[in-house]
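Encoded as structure tokens, the structure appears first; notes follow it.
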Amino acid sequence: MALPLLPADWSADKDFKRLNALSSASERTIEPVGPHFLAHARRARHKRTFSEDDR
Amino acid sequence: MAENASNAGPEPGSRVTIGITFGNSNSSIAYTTDSKAEVIADEAGDRQIPTVLSYNDGDEYYGGQAKAFLVRQPKITIAYFRDFLGQDFKSIDPTHCHAAAHPEDTSGTVSFSVKDKEEESSTLSVSEVSTRFMRRLVSAASDYLGKKVTSAVITVPTSYTEKQREALIKAANDAGLEILQLIADPVAAILAYDARPEADISDKIVVVADLGGTRSDVTVVASRGGMYTILATAHDFDFAGVHLDNALMEHFAKEFMKKHNTDPRSNPKSLAKLRLEAEATKKALSLGSNAQFSVESLADGYDFSVSINRIRYEMVGRKVFDGFNRLVEGAVKKAGLDVLDVDEVVMCGGTSHTPRIANNLRGIFPETTTIQAPATSTTAINPSELQARGAALQASLIQEYEAADIEQSTHPAVTTVKHIANAIGVVTGENGDVFLPIMPAETAVPARRTVQIPTPAEGGDVLVRVVEGGTHIKVTKPEPKPAKEASDDKEDDEDDSDFDSDEEEEEEKREKIWKIGGELAEAAIRGVKKGGKVEVTINVAADLGVTVTAREVGAKGGVRGQI
Ligand SMILES: Nc1ncnc2c1ncn2[C@@H]1O[C@H](COP(=O)(O)OP(=O)(O)OP(=O)(O)O)[C@@H](O)[C@H]1O
Ligand SMILES: [Mg+2]
């Protein structure tokens, strides 16, 4: 399914309009298992972002 | 997790690691070679090694050999003890030890009395029993690998308490084994699947049905980009492998009584023979549609041999099979989910070999749900091997880590994180009313997901509306049958047999429907070329800040904004 066309009257600064923050989240525990978790732990411990990790 | 740190273990570089699953009924050991896990056979050729120790004339037997002693020497044979580790005597259920050495109360702790040396009888704590058994596993693995195993990852039930974890680690340490980490049984099973080179590490809801010998554990897991979050667990001790054995034992006992007028369940030795052969027959019925139950001198000196087919077995075990269905359905419900939300069911534990159980689950879940079991999937991994394999894989992933590093990485500061409650996606469709999920609910943050979305055929300026989304289950009742003419309607009712009406009755239709929720942001991508696609990246930070990036695929620039 395709993206809708932009309504003619739509406008925003730099073409981006921020509306609301995320409505809710919960604290849960991820299982400390597997390669993807280890990558997560590495990022968390070295306070690195995904893009820093990608480099 | 303090228990991960072990006192001055080997240097990371010189570790030899294995994965262990240590069950009440069976244990397995596995190792990895070229990042592929393999389960090791013991000296007797068993990959599922019965968790049993037996003492005879000063000799110690374990595994299959020890299990065989349950017939002739039950009192010196210790079985079904794993769940007693780290428990007080008053809180254990000794049911399964009835026909083996009985657990005793030694000032609150569980112990067994056996003659482990000639003449002399000793009282062994369950901790000591576990250490001795573990030593045998380690030595079998060391023999197989040709080098001394130093370290292991062991899988444990999700219901294991801190006290039980500590007791298990102590028992293993006493056997000279460094424990790198204890990991959850169901997570080990998922890891074994996800580690396959062809695995698709997508976002999915996985239900792990671990059907063992004395217990069944069902776990609902949000698997998100290869990270696993447990949403719900259910544990059951009334529907498991031994209950299928019991059903078959009753069946064969009755058959025997018809012929010989004596109940083979009335003396312990006959009962033990009956149990051993019932289990073997049950396993044979997982492979073939017929199996033979034969025991020499079952009772009163009578040999007994009779065949049973799978259909009969499935009738005999019906109550237990129904119990598995309820357990799985209950766990899904407990997670606040519907069967339509479940992408995959991973069946593990020995009992998961049973075709009827897999077929029943096939019937409960929609066709789009993969049921990973030998009976329902040609790519299923042996359910008896999943956990040991997962443990071995985890061991190989962390074997280079210092114990302190493992401890730090598994600390709640790293593992307890926010999970988004609703899906995040964009709105698509001509009328802008179709939700396309990009990051599903229960994804741990920080997280990042990217999708490519088509644009209208002619291209042009398009709107990227980033919204939250939720689902609900839409139930459509079958259309009422068109009323027939009054006269033959009555006739129809009368001769409609149950069978006919069953066949004609349409089931209600259940579908998962996405609903567009809160709006997060909007972005415009202008001048998209004909047939172009837009790539949208959603990045949610640990503090729940959302960054949206959208651009035409292959084009420069694009839009980026933060919420
Ligand atoms: N091929 C098979 N078909 C049917 N049942 C099987 C098969 N293989 C093993 N089983 C059964 O699986 C059960 C053992 O399961 P598993 O090896 O997972 O043990 P476990 O985890 O130690 O069990 P628990 O801790 O629940 O006692 C036994 O009841 C056994 O008879
Ligand atoms: Mg088990």
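Residue numbering restarts at 1 for every chain, and letters A, B, ... go by the order of the sequence lines. Every value quoted in this text rests on a predicted model; they were computed, and no experiment measured them. Side chains are part of it too, since the values below use all heavy atoms of this structure and drop only hydrogens, waters and symmetry mates.
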For this session: Name the region of B:L397, side chain, backbone, both or neither, that has any atom closer than 4.5 Å to a heavy atom of chain A.
Result: both
Exercise. Checking B:L191 against chain A: side chain, backbone, both or neither under 4.5 Å from a heavy atom?
Worked result: side chain
Exercise. Could you give the distance from CG (B:L544) to OG (A:S24), rounded to the nearest 0.5 Å?
Worked result: 9.0 Å
Problem set entry | Side chain proximity check, A:L38 to B:Y401, heavy atoms < 4.5 angstrom | yes
Exercise. How about A:T29 and B:I230: do any of their side-chain heavy atoms sit closer than 4.5 Å?
Worked result: no
For this session: Indicate the atoms forming the closest heavy-atom contact of B:V414 with A:H40, along with that distance.
Result: O-NE2, 3.2 Å
Problem set entry | Contact check, side chains of A:E31 and B:I183, non-hydrogen atoms, under 4.5 Å | no
Problem set entry | Nearest heavy-atom neighbours spanning B:S409 and A:F37 | O-CZ, 3.1 Å
Exercise. Top residue by heavy-atom pair count (under 4.5 Å) with chain A, among B:I420, B:T416, B:L520, B:V528?
Worked result: B:L520
For this session: Measure distances from B:N539 to the heavy atoms of chain A and classify the residue's part below 4.5 Å as side chain, backbone, both or neither.
Result: side chain
For this session: Against chain A, work out which of B:I563, B:V187, B:V417, B:V559 has the most heavy-atom pairs shorter than 4.5 Å and name it.
Result: B:V417
For this session: Count the heavy-atom pairs under 4.5 Å between each of B:A550, B:P456, B:G517, B:A542 and chain A, then report the option with the highest count.
Result: B:P456
Exercise. Which answer fits B:I190, side chain, backbone, both or neither, if we ask what part of it has an atom under 4.5 Å from a heavy atom of chain A?
Worked result: neither
For this session: Taking all non-hydrogen atoms of both residues into account, name the closest pair between B:A524 and A:W10 and its distance.
Result: CB-CZ3, 3.4 Å
Exercise. Side chain, backbone, both or neither: which part of A:R43 has a non-hydrogen atom closer than 4.5 Å to chain B?
Worked result: neither
Exercise. Atom CG in A:L6, atom OG1 in B:T455: separation rounded to 0.5 Å?
Worked result: 12.5 Å
For this session: Check whether B:E442 gets within reach of chain A through its side chain, its backbone, both or neither, counting any heavy atom under 4.5 Å.
Result: side chain
Exercise. Roughly how far apart are A:L3 CG and B:R465 CZ, rounded to 0.5 Å?
Worked result: 11.5 Å
For this session: Give the member of B:Q394, B:R560, B:R448 that has the highest number of heavy-atom pairs under 4.5 Å with chain A.
Result: B:R448
Problem set entry | Side-chain heavy-atom pair B:V467, A:L19 within 4.5 angstrom cut-off | no
Problem set entry | Residue part contacting chain A, namely of B:R224, when any heavy atom lies under 4.5 Å | neither
Problem set entry | Top contributor to chain A interface from B:P446, B:G518, B:A444, B:G432 [non-hydrogen pairs under 4.5 Å] | B:P446
Seminar exercise, completed: Here the pair of heavy atoms bringing A:N20 nearest to B:E519 is ND2-O, 2.8 Å
